[in-house]
Amino acid sequence: MQPVRSRRSKDLPSTKKTSPGGSKEKGPQQGRPHFHFDLWFCLTLQNWILDFGRPIAMIILPLEGFPLNKPSAGDYFHMAYNVITPFLMLKLIERSPRAPPRSAVYLCIITFVMGASIHLVGDSINHRLILSGYQLHLSVRENPIIKDLKPASLIDSFELLYYYDEQLGHLMWYIPFFVILFIYFTGCFTKSEEQKRLPASGCVLLGPSALYYWYLVTEGQITELFLLTFLAMVVTVIHQHCRGRSPDSNGLFLFCSFTVTLLLVALWVVHLWNDPVLRNKYPGLIYVPEPWSYYTLHIKQNH
């Protein structure tokens with residue numbers, strides 16, 4: 001009986017294949033659509049509600065239900081985002097046609113959660129300052145409610161808070177976010193013509209997804225990081241094309257989303273190119289104003 005079992009085990013098809021580069025590729029998953037509409041839809045929906053909708057919830061919901069010394073509705077949105085997004089990213093990686101390096105994925109997820117949690121605290125205090133008259137289009141030291149604080153060392157504390165919120169928190173949040181997306185993208189290439197087509201459901205999600213990434217890039221001030229990720233994706237597409245491979249439906253959805261995002265960012269910059277106030281707040285070679293700075297300068301002040 002033992003030799004028979006041994007022969008049967010040798011005859012069973014392997015569930016993983018080794019690519020020419022030595023990395024393991026997963027076999028085809030039966031009964032599941034190749035385009036991950038459920039994950040892309042959940043990611044897009046929760047990004048719009050829990051991330052984009054977070055500051056809006058802080059502004060429109062009555063303060064009576066969320067006093068300033070307690071977590072606001074937006075804070076609860078952020079807490080949910082910090083749990084749901086890493087989970088969805090892990091599920092996306094699980095469905096990657098090529099098994100990614102686990103250690104890199106785990107390290108990215110841990111850093112992502114830590115950075116998003118740092119941002120949660122800084123952003124919560126920042127939005128309470130907005131309700132007290134803080135103006136986002138001005139620097140910390142130029143704000144009317146900050147510049148006359150006594151002792152003057154308090155201003156340094158608020159600048160440290162701004163650093164944690166807008167710089168360190170964003171970098172620890174967004175760098176692993178884009179690294180995971182790129183790792184996933186590198187496995188989304190195929191020679192099958194059937195898998196290269198973007199389905200109608202993907203076309204429907206393309207606009208909302210690209211528009212959210214525009215918000216992420218502009219409000220998060222991560223233009224350089226986004227451009228580096230997009231450039232790496234372009235290089236990967238060219239490299240895989242030389243090997244006769246093209247992005248599958250999931251890779252095509254991600255690549256098209258980033259392409260439309262790049263166009264939206266360019267249009268946003270052109271629209272605000274000659275704004276003197278925003279130019280003063282965002283000096284330097286790369287000028288990409290934040291949407292909420294535009295809101296406090298041109299919309300909130302006019303109402």
Side-chain angles (χ1 to χ4, degrees), residues 46-86 110-177 212 215-223 225 277-278 280-282 288-301 303:
Q46 68 97 30
N47 283 337
W48 274 104
I49 294 176
L50 300 180
D51 191 17
F52 178 79
R54 170 170 43 85
I56 298 175
M58 289 180 173
I59 294 173
I60 64 175
L61 291 180
L63 290 177
E64 292 76 13
F66 303 94
L68 295 180
N69 63 341
K70 301 292 183 181
S72 68
D75 295 340
Y76 292 114
F77 277 35
H78 208 319
M79 294 176 197
Y81 176 91
N82 291 3
V83 175
I84 296 173
T85 303
I110 293 170
T111 308
F112 174 93
V113 173
M114 184 175 179
S117 299
I118 291 174
H119 183 267
L120 164 63
V121 177
D123 199 57
S124 177
I125 299 174
N126 186 51
H127 279 278
R128 280 155 180 75
L129 291 174
I130 293 174
L131 295 174
S132 301
Y134 187 86
Q135 299 178 35
L136 290 174
H137 60 277
L138 299 176
S139 67
V140 174
R141 292 187 177 272
E142 293 174 344
N143 259 271
I145 68 170
I146 300 291
K147 64 181 181 181
D148 295 326
L149 284 177
K150 301 297 181 182
S153 58
L154 284 175
I155 301 178
D156 295 331
S157 299
F158 278 101
E159 285 191 324
L160 177 62
L161 176 66
Y162 180 85
Y163 170 77
Y164 276 119
D165 179 20
E166 297 295 330
Q167 297 183 35
L168 182 63
H170 279 182
L171 290 176
M172 293 184 66
W173 177 2
Y174 295 132
I175 288 178
F177 179 81
Y212 169 75
Y215 173 76
L216 193 70
V217 171
T218 53
E219 187 63 29
Q221 292 293 286
I222 51 170
T223 307
L225 175 61
V277 178
L278 295 177
N280 183 59
K281 183 178 180 182
Y282 302 99
V288 182
E290 297 172 80
W292 281 105
S293 294
Y294 177 85
Y295 167 79
T296 59
L297 175 63
H298 293 291
I299 299 177
K300 185 178 180 181
Q301 287 187 356
H303 292 78

Given the rule in the side chain to side chain contact (heavy atoms under 4.5 Å, CB included) test, do W292 and T296 qualify, once you have shown the distances and angles that lead to the verdict? CA-CA 6 Å; W292 281 105; T296 59; 5.5 Å; no
Which pairs count as salt bridge (Lys or Arg N to Asp or Glu O under 4.0 Å) when at least one residue sits in residues 127-139, sequence neighbours excluded? D75-R128
Under the criterion side chain to side chain contact (heavy atoms under 4.5 Å, CB included), I'd like the reasoning laid out for L149 against F158: C-alpha separation, chi angles, the key distance, then a yes or no. CA-CA 10 Å; L149 284 177; F158 278 101; 3.6 Å; yes
Quick check for you: to the nearest 0.5 Å, what is the distance between [X] atom [atom1] and [Y] atom [atom2]?
| X | Y | atom1 | atom2 | answer |
| --- | --- | --- | --- | --- |
| I222 | L216 | CD1 | CG | 4.5 Å |
| L168 | L160 | CG | CG | 9.5 Å |
| N143 | S132 | CG | OG | 11.5 Å |
| Y134 | I145 | OH | CD1 | 8.0 Å |
| H119 | E166 | NE2 | CD | 5.5 Å |
| L138 | S293 | CG | OG | 9.0 Å |

Less than 4.5 Å apart, side chain to side chain, heavy atoms only: is that true for [X] and [Y]?
| X | Y | result |
| --- | --- | --- |
| P289 | T218 | no |
| I175 | T111 | no |
| Y164 | V121 | no |
| Y162 | Q167 | yes |
| Y215 | N47 | no |

Where do G220 and H170 come nearest, in terms of heavy atoms and distance? O-ND1, 3.0 Å
Minimum-distance pair of heavy atoms, taken over all atoms of E219 and P291: OE1-CD, 3.1 Å
Does [X] use its side chain to pair, donor to acceptor, with the backbone of [Y] at less than 3.5 Å?
| X | Y | value |
| --- | --- | --- |
| S124 | L120 | no |
| N82 | V113 | no |
| Q221 | V288 | yes |

Between E290 and Y282, is there a side-chain donor-acceptor contact under 3.5 Å, judged purely by atom types and distance? yes
Who passes salt bridge (charged side-chain N to carboxylate O under 4.0 Å, His left out) against R141, sequence neighbours left out? D156, E159
Atom pairs and distances, side-chain donor-acceptor, residues 49-61, under 3.5 Å, sequence neighbours left out:
residue	atom	partner	partner atom	Å
D51	OD1	R54	NH2	2.7
D51	OD2	Y212	OH	2.5
R54	NH1	D123	OD2	2.3

Got a sec: does the CE of M79 have more than 12 other heavy atoms crowding it under 6.0 Å? yes
Y81/W173 aromatic ring centres below 6.0 Å: yes
